[in-house]
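Chain A is the first sequence line, chain B the second, and so forth, proteins listed ahead of strands; every chain is numbered from 1.
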Amino acid sequence: MSNPVLRVQDLAVNFCSHTGGFLRRKERVLRAVNGISFELHASETLGIVGESGSGKSTLARAILGLIKPSRGRVMWLGENLTELEEEALRQKRKEIQIVFQDPVASLNPRMTAGDIISEPLWTFYPNMAGLQVEERTRGMMKMVGLLPNQINRYPHEFSGGQCQRIGIARALVLNPRLVICDEPVSALDVSIQAQIINLLKDLQKKLGLALIFVAHDLSVVKHISDRVMVMYMGCSMEVSQRDALYRRPLHPYTSALMKSVPIPDPKLAAKARQDRWLTGDMPSPYNPPRGCIFHTRCPYKVKRCEADVPALRRMENGDWVACHRAEDLDLSI
Amino acid sequence: MNQEGILRHSATRLLGLIPTLLVLITIAFFLIRMAPGGPFDSEKVLPPEIRANLDAKYHLDEPLMQQYFRYLGQIITLDFGPSFQYKDWTVNELIARGFPVSLTVGGLAMLLAFLVGTSIGITAALRQNTAMDYSIMGVAMLGISIPNFVVAPLLILVLAVYQGWLPAGGWDWSIQRMILPVVTLALPVIAYIARLTRGSMIEVLHSNYIRTARAKGLPGHLVIRRHALKPALLPVISFMGPATAGLITGSVVIERIYSIPGLGSYFVQGALNRDYTLVMGVVIFYGVIIILLNFIVDLLYAWMNPKIRYDEVQ
Amino acid sequence: MTIALPIRILLASSFLLLAACGDSGSDFSRPRETRNQPVELVLLEDGRPHPAVLAEEQLVRRGNGEEPQTLDPHLAEGVPSTHILRDLFEGLTTESPDGDVIPGAAARWNISRDARTYTFYLRRDSRWSNGDPLIAEDFVYGLRRSANPETASNSAVMLLPIQNAREVLAGELPAEELGISLLDEFTLQITLTGPTPYFLGMLTHPATYPVNRRNVEEFGDQFSRPGKLVSNGAFVLKSWKPRVSIELEKNPLFREADQTLIERVVYLPIEELSTEVTQFRSGGLDWTNEVPNNQFKWLQRYYPDELIISPWMGSYFFGFNLATEPFVENPELRQALILAIDRQVITEKVTQFGEQPSFALVPRGIDGYVPFSPEYADWTQEQRNEEARRLYELAGYSSDEPLRVEIRYNSSENHKKIALAIASMWKQVLGVNASLVNEEFRVFLQNRAQKAITQVFRAGWISDYNDPYSFLEIFRTGRRRTKLSSRNCGCDAILDEVGTERVRARRERLMFEAERVLLSDFVIIPIYTYVTKRLVDQHLRGWQNNVMDHHLTRYMFMLKTREPEAEVPAAKVEPEPELVPEPELVPEPEPQQGVNDVPSSEISDDEDMDVDGTSGEIQAEVEAEQATRTRKEGKGL
C-alpha cells in the first residue's frame with residue numbers, strides 16, 4: 001500500500017470546565033479524545049462510529065484544526081497540522097474539508113446557496129473571475145444533484161437533504177483531498193440518508209477523495225467505509241476492515257453497537273430487544289472508570305479489566321482492538 | 001429581492017399611520033384637557049375680563065367638541081397653531097427649531113453608541129470570559145446604572161469648569177458644544193448596546209454556520225464580518241428603533257443640564273404649563289417619528305433577515 | 001462563576017470609585033477653576049467709570065431663567081420677558097439702579113389735585129430705533145393696544161387703574177374710550193379711576209410701553225421678531241434663538257446712548273439652576289438669574305464676592321382654608337398653629353438663604369411702610385410654644401385627640417423641606433398629626449382655588465409694584481386675584497378706603513389697619529420674606545441691589561481684567577493725574593444718573609406729595625425721582 005495521506009498519532013483533546021464559586025474554584029478536565037491513532041490512505045474511507053459523547057465529532061474537528069488538540073500529532077502529507085500557525089492551517093482548508101451534521105443550521109441563513117458554495121473560492125482565489133466562480137458553483141451544484149437555477153435561493157427554501165447537498169458542494173468546491181463527514185446524515189430522514197450516502201460514495205469514487213465518515217450507528221457507515229473505527233469515551237476500541245468487523249466484531253462494544261442497530265423486521269427486532277444488553281448510561285466522562293474504560297457496561301469483563309488499561313493492539317488479520325479478551329471471545333454475528 | 005413586496009409593505013404601513021395618529025390625537029387632546037388647571041392659571045389669578053379675552057383668543061371658550069374638530073381641521077393643513085406659552089412663535093416654528101437640535105444630538109449619540117457599543121460588545125464576545133471581557137462588561141454595567149443626571153454634572157465639572165476644554169453648556173451648533181451632551185446621552189446606550197451585542201454575538205459564534213464558515217477557511221475577521229455580524233446585530237437593530245426615537249426626540253434631563261434647545265423640554269414645559277397646542281404638536285410629531293422609525297427598523301430587519309422577507313411575501 | 005466574576009469586578013470598581021470620591025473629597029469640593037480679578041474701579045469726577053478701567057469688550061451675559069414667553073411688551077408676562085423688555089423699551093417712567101422710579105420717556109409730569117389725572121411731558125429728542133420720533137401718540141397707541149381685548153394681554157392688570165380700562169378689557173367700551181388723551185404731539189394725559197400712588201411705578205411695566213405703530217402694522221403678530229422689532233430703549237433686538245439666547249445691541253439712537261457703556265447683552269435662558277452655576281464658573285455667564293439652594297453654602301464659602309443676596313419684595317406663607325373644617329370658626333387653633341412654628345429654624349436651618357423670618361404679610365422696607373407686628377413677634381419661641389399649647393387645648397385638642405391635618409404644596413424641593421419642618425414642629429410642640437401632600441403646580445392651584453380638599457396650603461406673593469397694597473389686595477374677597485381668601489375678614493372695606501385715599505400718611509395707616517385685621521384673624525401663617533440670590537462676576541459693575549430686583553443693563557459696565565504682573569505693585573493703578581482712585585467695595589455710580597440730564601429748566605418748584613400732599617389741594621408738579629418711591633412690577637413664583 002502507498003503511504004498514508006493522513007496519520008493521526010496519539011491525538012487527545014481535553015476540555016476544561018470550572019465549577020464552584022469564585023473562591024472555591026475547581027477545574028474539571030473532560031478527556032473528549034484520548035490518545036487516538038490511525039492512518040488513512042488516499043481514496044480510502046474510514047468510518048468512525050460511537051455513541052453520542054464518544055468524542056467522534058471532536059476528533060473530526062481536531063483533525064481539521066477547528067479544535068486545538070491537547071496532545072498528539074496530525075500528520076497531513078508529512079506535515080504536522082497541530083504545529084501550524086493559524087494562517088498556514090487555514091491554507092490547508094483547500095485540502096481538507098468537512099461536512100457538518102445539521103445541514104440547515106450549518107448554512108448561513110442570510111446567504112444564497114450560490115454565495116455559500118462560492119465563498120471558499122472567493123476566499124482562496126480572490127482573483128478568480130466572477131464568471132468562472134459562478135460556472136464552478138453551478139457545476140458543483142449539478143454535481144451534488146442540485147438544480148443550478150437554485151443558485152439564488154436561501155437555505156430556508158431548501159429541504160434538509162438539499163441543504164446537505166449544498167454543504168457537500170461547499171466542501172468539495174475547493175477540490176480537497178480529504179473530506180471529513182461529521183454525521184452528515186444523522187439529522188435526515190432515512191430515505192434521504194441513503195441518497196446522501198450514495199452521493200458521497202459516488203463523489204468519492206469520481207474525485208478520488210479520502211473520506212472520514214463519522215456516524216453514531218454502524219449501519220450507516222457499512223456501505224461507504226473501507227475500514228471502521230469504533231470509539232468509546234474518547235478512546236479507540238477497535239479499528240477493523242469493514243467486512244471483518246461486520247462479520248466478527250473484535251470488541252464487545254462493537255458487538256453491542258451492532259445489536260443496538262434498529263432492525264426494520266419486527267420479528268428480528270423483538271429478538272434483538274431480548275438480548276440487548278447495552279444498558280445503563282455511559283459513565284461520567286469527567287470521572288472515567290479505571291482499567292478498561294468499557295468494563296462498567298461489558299458483559300464479558302474479568303478482574304483484569306478493572307485494573308489494567310488494554311492497549312490498542314494489532315490482531316493477526318491486521319485489525320486493531322483494545323480488549324484483553326479479544327482472542328478468546330467470539331462475537332461473530 | 002422583492003421590491004414590489006417592500007413597496008406594498010411600505011404603503012400599507014404608511015396608510016396604517018393615519019388611524020394610529022387619529023387615535024393618538026384624540027386621546028392626547030382629551031387627556032391634556034382633562035388635566036386639572038389651564039394654560040392661564042398662575043399664582044396670580046387673572047381678572048375675569050382679561051381671562052375672557054385670553055379664552056376667546058385661543059378659542060378656549062368654545063365647547064370642547066367644537067375645539068376638537070377645530071383642531072382636527074387645523075392639523076390637516078399641518079398647522080399646529082400658536083403656542084400658548086411662547087406667544088411669539090407658532091408650534092410649527094418651535095418644532096422646526098427644536099427638532100434639528102434633538103435630531104443632531106440624539107442622532108450623533110445613537111451613532112456613537114452604535115459604533116462604540118457594538119465594537120466593545122464584539123471585543124468582549126471574542127474574548128469571552130477573559131479579564132478584558134469582564135472589565136468591559138463591568139464598566140458597561142456601571143454605564144447603565146449611573147443615571148445621566150449624575151454623569152452630566154461630573155463631566156461638566158471636570159471637562160468644562162476645571163479643565164476649561166469644553167463649554168459648560170449652551171448651543172450654537174458647534175462641535176465643542178455637542179461633545180458633552182452627545183457623550184452623556186450615548187453612555188448608557190453604549191453600555192446597553194455593548195451588553196446586547198456581546199450576548200448575541202456569543203450566541204451567534206456558537207451557531208453551526210459560523211463553524212461552517214471557519215471550516216471553509218475564512219480568516220477570522222471575515223468570519224465575523226460576513227457571517228456573525230449581521231445576525232449578532234439583529235437584536236441591536238430592533239433595540240435601536242425605539243431607542244433612536246427616544247434619543248432624537250430629546251432628553252429633558254440632558255437639555256436642561258446642558259441648556260440645549262431641543263424638543264424634549266418643549267414637551268415637558270408644554271405639559272406642565274398646559275400649553276395645549278405645544279403639547280399636542282409635539283405629541284403628534286413624536287408619534288410620527290416613532291412610527292416612522294419602527295417602520296425603518298422593520299425594513300432593516302427584513303434586509304438583514306431573508307426569512308422575514310420570505311414570510312412577508314408568502 | 002460567569003455571573004460571579006462580573007459582579008465582583010463591578011463591586012470592586014464601585015468601591016474604587018467610592019474610595020476615589022472619598023479620598024479626594026476635600027479636593028473635589030474646592031473650586032479648581034481659575035478666576036480673573038478685575039482692576040480696581042476708578043471713577044471720573046462726574047461719577048462715571050474711568051475709560052482706562054473698562055474692559056475692551058463691553059459684553060454682558062445674563063442668565064435669565066426660563067425662555068421668555070414673548071417680546072411683545074403688551075403680552076409680556078413672567079420675569080424673563082420683562083427683564084429683556086426693560087432693556088429694549090422705555091416707558092414714560094423708568095428705574096434707577098437702586099429701583100427708584102425716575103423719568104423715562106417723559107421728562108416730567110403733573111399730577112392733578114385729586115391725584116386722578118397725570119399729565120406727561122415727553123422729551124422732544126427721543127427716537128425709535130428706526131429713526132422715527134417718539135411722540136405722545138405712540139403711547140396712546142401702545143396703551144390702547146395693550147387694553148384691546150383682541151390683544152388678549154394677561155398683564156393688562158397693570159392698566160386697571162386707568163379710567164375705563166376694565167370696560168375696554170371687557171369689550172364693553174371701545175379702546176378709544178380708555179382714559180388717555182393726547183394734548184399735543186409731546187403731551188399726554190392719563191386719567192385714573194382713583195388715586196393710585198403706585199401708578200408711576202406701574203408705568204415702568206412693559207404692559208404700558210409704547211410700540212411703534214408702523215412696525216406693528218407692518219408685521220402684525222410677528223413684529224417682535226429679530227430684524228423686525230423697533231424699540232425705544234437702550235438696546236435693540238439683534239437675534240433671538242428660542243431657548244438658546246437673545247442678543248441685544250446698544251441702540252445708538254437711545255436718548256442716553258452716550259452714557260450706555262454695554263455694547264452687547266446676551267440673555268441666556270437657562271432653566272436648570274445648577275447649570276447656571278457651572279456656566280458661571282466656567283466663564284460663560286456674568287450674571288445668574290438665581291442659585292440653587294443646595295449649593296448655597298458652598299458658594300458662600302468659595303464665592304463670597306460673587307454671591308449676592310438681597311431682600312426682595314415677596315412673602316412666603318401658608319394659608320388656612322377657611323371654607324372647611326377644622327378651621328372655619330376656630331381662631332384659637334389657627335393661632336396655635338401660627339405660634340408653634342420656629343421661623344428662625346426654618347430660615348437658618350432649612351432654607352439657609354438669609355430670608356427674613358416674618359410674622360406679617362407685607363415685607364419690611366416696601367416704600368417706607370412698616371408692617372403690622374403682632375405682640376407674639378417679640379416673644380421667645382418658648383413663650384410662643386407655651387401659648388400655642390394653651391390655645392390648642394382651648395380649641396379642644398389634646399394628645400389623645402390630636403388634630404389631623406394635610407399640608408398641601410406644589411412639588412418643589414424647597415416647599416417640601418419647609419412643609420416637613422412645619423409638620424414636625426407642630427408634632428413636637430402640639431402633637432398635631434400633619435401629613436404632606438404635594439401636587440403638580442396647576443393641580444395644586446386648582447385645588448387651592450376650589451377650597452374643597454385643601455386644608456393648609458402653601459402660598460407666596462411677589463409684588464407687582466412697590467406698594468403694600470399689592471400684598472393686602474390679594475385677601476380682598478371681591479377681586480379674588482388669588483382666590484386665597486374665602487370670606488370677608490373685615491378688610492375689604494378698609495381696602496376700599498385705601499383705594500381712594502390720596503393722603504399718604506392716612507393711606508399707610510389704613511393699610512396697616514387692614515394688615516392688622518387680617519393677621520388678627522389668623523388667616524395666614526407667615527414664614528419669611530424673600531431674598532434674591534445670584535452670582536455676579538466681579539467685573540460687572542454699575543448695578544445695585546434693589547427690592548424690585550430690576551436691573552437695567554444700561555447702567556452696567558465691565559471692568560478690565562487685572563494683569564497678572566500688575567498684581568504685585570498695588571500702587572500702579574493710578575498713573576494718570578486726572579484719575580481719582582476711589583476703590584469702592586460696592587459699585588455706586590452716581591445715584592441720580594438717570595436724572596442728570598433732565599433739563600433743569602423743566603423742573604418746576606415741586607412739592608413733595610409725601611409731605612405736602614396732605615393738604616389735598618395743591619397741584620403738585622412733581623419731579624418724579626423725589627415724588628414717588630413707587631416702584632413697580634415683580635412677578636411670581
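Under the 4.0 Å criterion applied to side-chain N and carboxylate O atoms, B/E49 and C/R166 are assigned as salt-bridge partners.
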Can you give each donor-acceptor pair under 3.5 Å made by side-chain atoms of residues 94-108 of chain B, sequence neighbours left out, with the distance rounded to 0.1 Å?
unit_1	atom_1	unit_2	atom_2	d
B/S102	OG	B/L263	N	2.7
B/T104	OG1	B/P100	O	2.5

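Against chain C, no residue from residues 191-203 of chain B qualifies, as none has a non-hydrogen atom under 4.5 angstrom away. Contact residues of residues 167-177 of chain B toward chain C are B/A168, B/G169, B/G170, B/W171 (heavy-atom distance under 4.5 Å).
For chain B, no part of C/S245 is nearby; none of its heavy atoms comes within less than 4.5 Å. Both the backbone and the side chain of C/N154 come within less than 4.5 Å of a heavy atom in chain B. Contact annotation for C/E272: both backbone and side-chain heavy atoms come within less than 4.5 Å of a heavy atom of chain B. For C/T278, the parts sitting under 4.5 Å from any heavy atom of chain B are the backbone and the side chain alike. For chain B, the nearby parts of C/E271 are the backbone and the side chain; heavy atoms of each come within less than 4.5 Å.
Closest heavy-atom contact between C/V443 and B/P36: CG2-CG, 3.7 Å.
Looking only at side-chain heavy atoms (C-beta outward), B/L272 and C/E440 come within less than 4.5 Å of each other. Considering only heavy atoms from C-beta on, C/R243 comes within 4.5 Å of B/Y266 through its side chain. In this structure the side chain of C/R225 reaches within 4.5 angstrom of the side chain of B/W89, judged on heavy atoms.
With sequence neighbours excluded, the residues forming a salt bridge (Lys or Arg N to Asp or Glu O under 4.0 Å) with B/R51 are B/D41, B/D55, listed by chain and number.
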